[in-house]
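Here is the naming used below: chain letters follow the sequence lines, and residue numbers restart at 1 for every chain.
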Protein chains: 2
Amino acid sequence: MTQAQILSRNQQIVLDIIEKAKGPLKAYSILFNVQKKGINAPQQIYRALDKLIEMGKIHKIESKNAFVACRISDCEISNATAFSICESCEKVDEISDAKLSKYLSSFNHKKGMKFKRFNLEFFGLCKKCK
Amino acid sequence: MTQAQILSRNQQIVLDIIEKAKGPLKAYSILFNVQKKGINAPQQIYRALDKLIEMGKIHKIESKNAFVACRISDCEISNATAFSICESCEKVDEISDAKLSKYLSSFNHKKGMKFKRFNLEFFGLCKKCK
DNA sequence: TAACAAAGTGTTATAATATAACATTTATTA
DNA sequence: TAATAAATGTTATATTATAACACTTTGTTA
Ligand SMILES: [Zn+2]
Ligand SMILES: [Zn+2]
Ligand SMILES: [Zn+2]
Ligand SMILES: [Zn+2]
């Protein structure tokens, strides 16, 4: 069994907020939300975010510069991420699809590059916005 | 036949620089490169970039906030983009793979979302850096 | 061709995102 | 307990991106 990660105080505060959020959160909106808890500077947020990403607890949605909690129990520690993003309401879902993940993880570029990691972002309209 | 796009002065200047570059360029590095041509403000760069992206002439590498020229003749006007990115030397190649593109374009999310567009970024080490 | 609309430009200012650097504190481990 | 590693607090600054407004050029159509 892998030891459950113990988070530092700031890491836990930041993670809690991201987990409670309905959608992706931006770094500065996290910052404004935690100032009552004594976190005052962007550095403190970005440091926590970096560690949480390393641990696979959260992911960065690159096209939005925003962060979501990982909801996938066996998420491969951020080596294989895929998201669906609604262009209207901004809803983001992490996609957990074994076939897709396998297909992409074994994809090899002609030019001899062996991939370690990928990130895939799908865009469209969610059920509600369609 | 679709009419070949005619670019405005600023759009052409920005595209030329991106096409000549060996790797992805950042907006402000483009700006510094064109100040001799009378372009002085970020707005002018970002406006040109936006249009060039719309036209499918360039793509944004989201994980790097940088821009590359499209080298793919039948690139589906930015609806289906895939890139390989070297984590060491920062080399970026656009991936043109009909199977991959077909596979992803027809991928449908369980939650009823129909995708219009995707962007995929692979990370690893290129031949040289391996 | 004159009138209008649409697209592009130039400019100043500012917002939003992210990192550098350094001093200090807390936790881990040898 | 001494040494090391990880995390924190803080100030300053770098980088990326957009808002707003006045003006010009280009395209369209009456
Ligand atoms: Zn995940
Ligand atoms: Zn939606
Ligand atoms: Zn392309
Ligand atoms: Zn390389």
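Residues A:Lys26 and A:Ile30 have side chains not in contact (no heavy-atom distance under 4.5 Å, counting atoms from C-beta outward). Between A:Lys57 and A:Lys51, every side-chain heavy-atom pair lies at or beyond the 4.5 Å cut-off. Within the 4.5 Å cutoff, no side-chain heavy atoms of B:Asp93 are placed close to those of B:Val68.
Comparing the axis of the opening five pairs of the helix from C:dT1-D:dA30 to C:dA30-D:dT1 with that of the closing five pairs yields an angle of 40°, rounded to 10°.
C:dA7 atom P lies 7 Å from atom NZ of B:Lys51, rounded to whole Å. In this structure, CG of A:Asn10 is placed 12 Å from C1' of C:dT25, rounded to the nearest angstrom. In this structure, the CG atom of B:Asp50 is 12 Å from the P atom of C:dT9, given to the nearest Å. Rounding to whole angstrom units, OH of residue A:Tyr46 and P of C:dA16 are separated by 12 Å. One interatomic measurement links the two molecules: CD1 of B:Ile45 to P of C:dG10, which rounds to 11 Å at whole-angstrom precision. The CZ-C1' distance, from A:Arg47 to C:dT25, rounds to 12 Å in whole Å.
For B:Phe83 against B:Ile95, the heavy-atom pair with the smallest separation is C-CD1, 3.8 Å.
When the side chains of ILVMFWY residues are joined at heavy-atom separations under 4.5 Å, either directly or via intervening members, B:Met55 and B:Ile17 end up in a single hydrophobic cluster. Criterion: ILVMFWY side-chain heavy atoms under 4.5 Å apart, direct or through other members. Under it, B:Ile18 and B:Tyr28 are part of a common hydrophobic cluster.
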Open item on the list: Applying salt bridge (charged side-chain N to carboxylate O under 4.0 Å, His left out) to B:Lys64 and B:Glu90, what does each step give before you reach the verdict?
Closed with: CA-CA 9 Å; B:Lys64 301 175 85 67; B:Glu90 315 266 288; 2.9 Å; yes
TODO: Test side chain to side chain contact (heavy atoms under 4.5 Å, CB included) on B:Lys60 and B:Ile53 and set out the steps.
DONE: CA-CA 8 Å; B:Lys60 181 173 186 180; B:Ile53 288 170; 4.3 Å; yes
Task: Chi angles and distances behind the side chain to side chain contact (heavy atoms under 4.5 Å, CB included) call for A:Ile13, A:Leu7 - done: CA-CA 9 Å; A:Ile13 289 171; A:Leu7 301 179; over 6 Å; no
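Of the residues in residues 60-70 of chain A, not one comes within less than 4.0 Å of DNA chain D through any heavy atom. Within residues 17-44 of chain A, the residues that place at least one heavy atom under 4.0 Å from DNA chain D are, in residue-number order, A:Asn40, A:Ala41, A:Gln43, A:Gln44.
A donor-acceptor pair is defined here as one N or O able to donate and one able to accept, closer than 3.5 Å; no such pair exists between the side chain of B:Ser101 and the backbone of B:Asp97. Within the 3.5 Å criterion, the main-chain N or O of A:Cys89 finds no donor-acceptor partner in the side chain of A:Lys128.
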Check: residues 111-123 of chain A side-chain donor-acceptor pairs under 3.5 Å, at least two apart:
from     : atom 1 : to       : atom 2 : distance (Å)
A:Asn119 : OD1    : A:Thr81  : OG1    : 2.8
A:Asn119 : ND2    : A:Glu121 : OE2    : 3.1
A:Glu121 : OE1    : A:Ser63  : N      : 3.3
A:Glu121 : OE1    : A:Ser63  : OG     : 2.6
A:Glu121 : OE2    : A:Glu62  : N      : 2.9

Using distance only, find each side-chain donor-acceptor pair of residues 36-47 of chain A under 3.5 Å and give its atom names and separation, not counting sequence neighbours.
from    : atom 1 : to      : atom 2 : distance (Å)
A:Asn40 : ND2    : A:Gly38 : O      : 3.2
A:Gln44 : OE1    : A:Asn40 : N      : 3.0
A:Gln44 : OE1    : A:Ala41 : N      : 3.0

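Under 4.0 angstrom from either OP1 or OP2 of C:dA27 there lies no side-chain N or O belonging to A:Ser8.
Contact footprint of chain A on DNA chain D: nucleotides with an atom under 4.0 Å from a non-hydrogen protein atom, first to last in 5' to 3' order, D:dA7 to D:dT11.
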